[in-house]
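First listed ligand is number 1; within each ligand, the first listed atom is number 1. Any value given below was found using the heavy atoms of this structure, including those in side chains, with hydrogens, waters and symmetry copies removed. Sequence positions, counted from 1, serve as the residue numbers for this chain.
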Amino acid sequence: MEHFLKEDLINFETLLEKAKLKGIEYLQHLDKRKTSTTVPPITNENLNEEGIGGQETLAQFKEKWESQIVGASGPRYLGYVVGGTTPASIMGDWLATIYDQNPQTVNSQGDVSVQIEHAAIQLMLDLFQLPNDFLGGFVSGATMSNFTCLGVARQWIGKEMGQDFAKDGINGKLNILSATPHSSALKCLSMLGIGSKNYTLIETIKGNREAIDIQDLKKNIEILNGDPFILISSAGTVNTADFDDFKAIAELKEHYNFWWHIDGAFGGFAACSPKYDHLTEGWDKADSITVDCHKWLNVPYDSAVFFVKKQHSKLQMETFQNSNAPYLGDPSENFNYLNFLPENSRRLRALPAWFSLTAYGKKGYRYIVENAVDMAQLFSNFIEENDSFELLAPTRLNNVCFTLKSDTSQAKVYSFLNALNKSELVYMTPTKYKNTFGIRASFVNWRTSASDIDIIKSEMLNVISHI
Ligand SMILES: *Cc1c(COP(=O)(O)O)cnc(C)c1O
């Protein structure tokens with residue numbers, strides 16, 4: 001064996017111990033870790049001929065990169081929608097790496113990883129108060145989950161139009177309706193060959209809302225005159241965490257022929273709390289649902305789940321079946337994940353989720369969700385009460401969308417945001433809400449506390465007084 005490989009094999013325990021200590025050092029000082037860094041220019045790298053072995057590599061990483069790693073999993077990283085990592089999820093994630101399984105089949109010669117995945121999916125369904133008639137699986141993120149769900153929706157609408165799009169390609173005009181689709185859903189339309197602009201934009205409810213106007217939806221459905229369509233709806237829009245009216249959509253489903261997809265990447269977690277679960281009421285009637293795990297479940301990147309109704313399993317298999325292993329008959333008889341989602345080989349992403357769900361249960365997740373909303377509310381109150389800032393929409397759940405009161409020009413808003421992020425104490429991202437430049441702060445990290453909100457407030461006041 002090559003000597004560094006051999007040496008590392010002998011010293012495995014020491015190497016893992018050192019890596020563990022590095023990790024603990026990061027986690028224990030996470031609240032002090034800077035939230036942004038001045039990124040050095042990219043350099044040209046050459047691969048070392050001899051290698052240097054694991055121990056020296058860790059030393060080199062420490063010197064070259066470690067101090068530049070930002071506290072993205074920390075309590076004041078409010079940009080995009082970025083979750084943290086619970087202790088148990090890290091345990092599961094480390095072990096997923098160590099076991100290095102490739103979850104595929106449940107046949108007798110398979111391994112137990114698919115059972116772990118099914119178990120984690122059942123825990124998730126229970127967490128979200130969803131019935132067992134959904135088939136679920138893990139993918140890399142909500143984008144891939146949307147892709148999986150909308151891929152099956154595409155096959156469904158093809159069948160309704162008397163065609164097999166998975167085999168023959170797309171032919172004809174597909175009717176897709178949505179009010180506030182996430183950019184990743186449009187990316188999926190592009191990847192699925194439908195085209196990212198080939199959808200009908202439904203009006204949102206008047207006023208400061210991003211949710212579907214049901215009357216306008218009905219009007220557009222009537223125009224279709226009985227033709228099948230796909231509805232992409234939202235459980236939590238990224239700017240203002242607005243929710244479509246799922247009870248009303250469920251009722252429409254009794255009268256019209258459509259595939260109902262819900263993008264609940266983060267908003268689906270409203271179902272974890274009796275305070276907010278009215279927002280997801282009726283979502284069990286959807287054909288497919290997207291939920292991210294690396295956001296509000298607080299498991300490490302990358303992880304998300306799709307839920308597709310089991311009654312559509314045949315369509316799902318037609319969409320994703322691996323052509324090298326064409327597979328006949330009932331898909332539930334010889335189940336293999338590679339016939340149900342985009343990837344063939346895949347990581348045991350279920351393990352970190354299974355660990356975290358098992359460790360903290362319904363009560364733990366109820367706390368994580370309610371705490372994040374409380375923190376969003378605290379921050380939102382500050383925005384409302386302060387003369388320099390202004391909410392762009394009411395804070396409905398965990399995302400606060402705001403701007404500067406005096407001047408909402410892009411230059412001014414960006415220069416404030418840049419200066420704020422430069423403080424390295426808090427990180428937020430820009431947005432444009434109904435044509436106004438603004439800033440979003442998204443609260444999903446389980447660690448965020450009222451003292452973090454105090455730090456953020458005082459830094460914002462400091463920055464605003466200097467720009
Ligand atoms: C984050 C997000 C996505 C995309 O998720 P990734 O995990 O980044 O792929 C899709 N939809 C919504 C509503 C989101 O918030």
Of all the non-hydrogen atoms in the protein, which one sits nearest to atom 11 (N) of ligand 1, and at what distance? Asp263 OD2, 2.7 Å
Which word best sums up how the rings of Phe128 and Trp283 line up, parallel for under 30°, tilted for 30 to 60°, or perpendicular for over 60°? perpendicular
Between Phe389 and Phe382, how do the two ring planes meet: parallel, tilted or perpendicular, split at 30° and 60°? tilted
Quick check with a 6.0 Å cut-off and a 45 degree axis cone: is Lys457 positioned over the face of Phe379's six-membered ring? no
Atom indices of ligand 1, in the order listed, that fall short of 4.0 Å to a heavy atom of Asp292: 1 (C), 5 (O), 6 (P), 7 (O)
Check for me whether the distance between the ring centres of Phe243 and Tyr276 falls short of 6.0 Å. no
Ligand 1 atoms in contact with Gly141 (distance to a heavy atom under 4.0 Å): 7 (O), 9 (O)
Determine, using ring centers only, whether Phe306 and Phe340 are less than 6.0 Å apart. no
Give the atom numbers and elements of ligand 1 that come within less than 4.0 Å of a heavy atom of Val238. 15 (O)
Backbone, side chain, both or neither: what part of Phe266 comes under 4.0 angstrom of ligand 1, heavy atoms only? side chain
Note the single closest protein heavy atom to atom 5 (O) of ligand 1, along with its residue, its atom name and the distance in Å. Ala142 CB, 3.0 Å
Any N/O of Val81 closer than 3.5 Å to an N/O of ligand 1? no
Presence of salt bridge, Lys362 and Asp126, under 4.0 angstrom: yes
Sub-4.0 Å heavy-atom approach of His294 to ligand 1: yes
I'd like to know whether ligand 1 has Ser184 as a neighbour, heavy-atom separation below 4.0 Å. yes
Would you indicate which of Lys187, Lys295, His182 comes nearest to atom 1 (C) of ligand 1 when only heavy atoms are counted? Lys295
Rounded distance [0.5 Å steps], OH in Tyr427 versus CG in Leu420: 11.0 Å
Would you call the rings of Trp296 and Phe269 parallel, tilted or perpendicular if under 30° counts as parallel and over 60° as perpendicular? tilted
Does any N or O atom in Thr143 lie less than 3.5 angstrom from one in ligand 1, N or O only? yes
